[in-house]
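Worksheet: one structure, shown below.
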Amino acid sequence: MFADHFLPNLLLFVLGQASAWFFLRTGRLALGWGGTVGLWVLLDAWLLGRYALAAGPGTLWALVLLLQLLSLALAGVLAHGRWRRRWSAAAKQRKERFAAGLVQFLRSDHDAACATFTQLVQVDPWDAVAWIALGDALAARGESARAQRCYRRAAAVDVTKDFADLLRHHRLRAG
């Protein structure tokens, strides 16, 4: 049974853990922490069931399957996000969409600007500038709590701290 093979399961666990670590390092904290905790809880449950509690093979197989699925899901979400960021048609139109969002924002069409910037952060959740612009559009609509969340998200994905001063200013202004 595949659940008893050590090396393939270890490799899947390492793949999932590396994906979760990448999410943590690049500011996608919910995926990073959720993936890490989920992987370790499933691994601990399997180890306890196998060596301490003498669980049946069905239970052990289900735990290993869940661990494998979570690892593959984390790797798949990461691969899809990186592909979407680099090669998708929407990513290739990023400059034009961002410019259109700025024009909408400057014309005080804040609803359209929010929609445009929301599409940008959905395509590339690591785009700190789009998160800042979305926060600005939300703040202009009077939604300061949501704007603060966008600024926090921008700070989280800005791992090189290129926009630290700008974000500090925006957070003070919106708060």
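One is the number of the first residue; the rest follow in order along the sequence. What you see is a predicted model; the values in this text were computed from it and never measured.
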When rounded to the nearest 0.5 angstrom, what is the spacing between [atom1] in [X] and [atom2] in [Y]?
X	Y	atom1	atom2	answer
L74	L39	CG	CG	5.5 Å
S19	L72	OG	CG	9.5 Å
L60	L65	CG	CG	12.5 Å
H169	F163	NE2	CZ	15.0 Å
Q17	L43	CD	CG	9.5 Å
F105	R141	CZ	CZ	11.5 Å

Hey, any chance [X] and [Y] share a hydrophobic cluster, counting ILVMFWY side chains that come within less than 4.5 Å of each other, even indirectly?
X	Y	result
L78	V121	yes
L69	V41	no
L63	L47	yes

What are the two closest heavy atoms between [X] and [Y], and how far apart are they?
X	Y	value
A154	A128	CB-O, 3.7 Å
L134	C114	CD1-O, 3.6 Å
A140	H110	CB-CE1, 3.4 Å
A113	G101	CB-O, 3.8 Å

* To do: Under the side-chain contact (heavy atoms from CB on, under 4.5 Å) rule, what do L67 and N9 come out as? Steps first, then yes or no, please.
  => CA-CA 9 Å; L67 181 76; N9 287 314; 5.7 Å; no
Residue pair [X] / [Y], side-chain heavy-atom distance below 4.5 Å:
X	Y	result
V77	F23	yes
R94	D124	no
V157	P125	no
L138	C150	yes
L102	T116	no

* Does S71 reach the main-chain N or O of L12 with its side chain, forming a donor-acceptor pair under 3.5 Å? ->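 At least one qualifying donor-acceptor pair exists.
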* **Sequence neighbours excluded - salt bridge (charged side-chain N to carboxylate O under 4.0 Å, His left out) pairs with any residue from residues 130-140** =>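 Applying salt bridge (charged side-chain N to carboxylate O under 4.0 Å, His left out) to every pair that reaches into residues 130-140, excluding sequence neighbours, yields D136-R173.
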* Asked: Can you check whether F98 and F117 have ring centres sitting under 6.0 Å from each other?
  ->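 Yes, close enough.
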* salt bridge (Lys or Arg N to Asp or Glu O under 4.0 Å) involving R149 - partner list, sequence neighbours excluded ->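 Residues passing salt bridge (Lys or Arg N to Asp or Glu O under 4.0 Å) with R149: none at all.
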* Does R146 have any salt bridge (Lys or Arg N to Asp or Glu O under 4.0 Å) partners at least two apart in sequence or in another chain, and if so, which? ->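 So R146 forms a salt bridge (Lys or Arg N to Asp or Glu O under 4.0 Å) with E143.
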* Could you tell me how the ring of W40 sits relative to the ring of F13: parallel (under 30°), tilted (30 to 60°) or perpendicular (over 60°)? =>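 The arrangement is perpendicular - the two ring planes meet at more than 60°.
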